[in-house]
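Below: the structure, in structure tokens.
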Amino acid sequence: MAKAKTVYVCQECGGISNKWQGKCTHCGAWNTLQETMEQPVPAAGANRFSHLASSAPVRMLSDIEVRETPRQPTGLAEFDRVLGGGLVPGSVVLIGGDPGIGKSTLLLQALAMLSQAVPVLYVTGEESAEQVALRAQRLDLDASNVKLLAEIQLETIQRALQEEKPQVAVIDSIQTLFSGALSAAPGSVSQVRECAAQLTRLAKQTGVSIVMIGHVTKDGTLAGPRVLEHIVDTVLYFEGEHHSSYRLIRAFKNRFGAVNELGVFAMTDKGLKGVNNPSALFLSQHAANVPGTCVMATQEGSRPLLVEIQALVDTAHVPNPRRLSLGLDGGRLAMLLAVLNRHAQVATFDQDVFVNAVGGVRITETASDLAVLLAIISSLRNKPLPQGLLVFGEVGLAGEIRPATRGQERLKEAAKLGFSIALIPKHNAPRQAIEGLEIWPVSRLDEVLQFIK
Ligand code: TYD
Ligand code: MG
């Protein structure tokens, strides 16, 4: 057998270096290399193509029979929505989120529902069996059919999966597992990667759907190497502020569904409850309009969502004014302020600018630009925007207002919720009037300022 060799593995990207360095040569991250024993490669007659020995014949794509992907609905409609309809047999889902955000709760609820229909197994490496049982009791779940295994050794878990033959298994969490084949500590890149890869292989072989819980690092990415995201079929992220009672699940990657779907849950003492109609959730219900707020219609997957954007612009007392954005892209804020200065002659160089999307929601689409700018203008002038105003639209560097996708749906939702004016890109203006909604179409930033006096 080949001698085990020491290598240095980057904890960020999984890149391998032969000697220790301060900076990873693969991803450029600092202080991320960790000493790891490299697994000896099986020597016997192996060449780099030996894993292809039993190669499948080449076929015409059109000859391959396509069947509808069967799915197992979890019984939690909002969770199914992000999964693309339910769990696909043999698929592996990775679900990440801050500690305490509700990952274990959600998956225990899902397993309790699933256990009514199919055999399930909950593998806990973080909490004891008693703690999980206590949680099930507290949440009033019917967990009589849920099988539980408190274990962190990969080989034991693999054996249990093969013996128990569950159709759905939850691993809570992937960072606690360790494989006896590696000497590295649990939670290290090589362990996490190896355990995830082994479990994925097992899922593909046996058809069990595996949901792995993963921890996130300070900056919100999944701990462990990026490689993990490539191994699994679906990556979901839990979002939400700790003090807010809403939780969002967003698909980041999904081989079996759309990636921009959003599941919305409300936290209760009986666990997470799906919110079927979340469009008005992220509005902060002021009695009258206040300066520095602007409501936008964003489109998350198949549903429009109305979100209030808030801005606070205040005189800066330091040479470098602060720019801070929560729930919105920070780099984009700087760009929008430059566009505002150039194309609308509104200067903010001596002002601190803070923007926030209400309710802990994160907005990734550029159609929020117009709402951000209007909230900033409103705060700067200390003057509320017109009552019942809704906006959306991207702002370009040349001061042009670009259309957003699915404008009609956003407008209809706004009208339904009682908004009366829509300041929107000209290309999104509806051909037929929408009842109760006055349309202010704009194609350039200076036109916007004519409407907002
Ligand atoms: P938990 O599921 O343990 O979070 P994670 O696995 O992501 O670390 O949830 C954290 C705590 O919040 C736990 O004590 C239970 C509580 N909780 C509720 O009471 N109701 C809920 O709806 C949720 C999601 C959590
Ligand atoms: Mg947990």
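Remember, it's 1-based here, ligands and their atoms both numbered in the order they're listed. Being a predicted model, the structure only gives us computed values, none of them experimental. No hydrogens, no waters, no symmetry mates; every other heavy atom, side chains included, goes into these values. All residue numbers refer to positions in the sequence shown, counting from 1.
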Any chance NZ of Lys204 has more than 12 other-residue heavy atoms, nucleotides or ligands included, within less than 6.0 Å? yes

Residue by residue, ordered by chain and number, which ones reach under 4.0 Å of ligand 1 with a heavy atom? Asp98, Pro99, Gly100, Ile101, Gly102, Lys103, Ser104, Thr105, Arg135, Met267, Thr268, Gly271, Leu272

Main-chain N/O of Asp98 paired with Lys103 side-chain donor or acceptor, under 3.5 Å: yes

Judged by atom type as modelled, is there a donor-acceptor pair below 3.5 Å linking the side chain of Lys412 to the main-chain atoms of Glu409? no

Keeping the roles fixed (side chain from Asn254, backbone from Asp233), state whether a donor-acceptor pair exists under 3.5 Å. no

Examine Ser104 and say whether one of its N/O/S atoms is closer to the Mg ion (ligand 2) than 2.8 Å. yes

Are there more than 12 heavy atoms of other residues, nucleotides or ligands under 6.0 Å from atom CZ of Arg322? no

Has the side chain of Gln310 got a donor or acceptor atom that lies under 3.5 Å from a matching backbone atom of Thr293? no

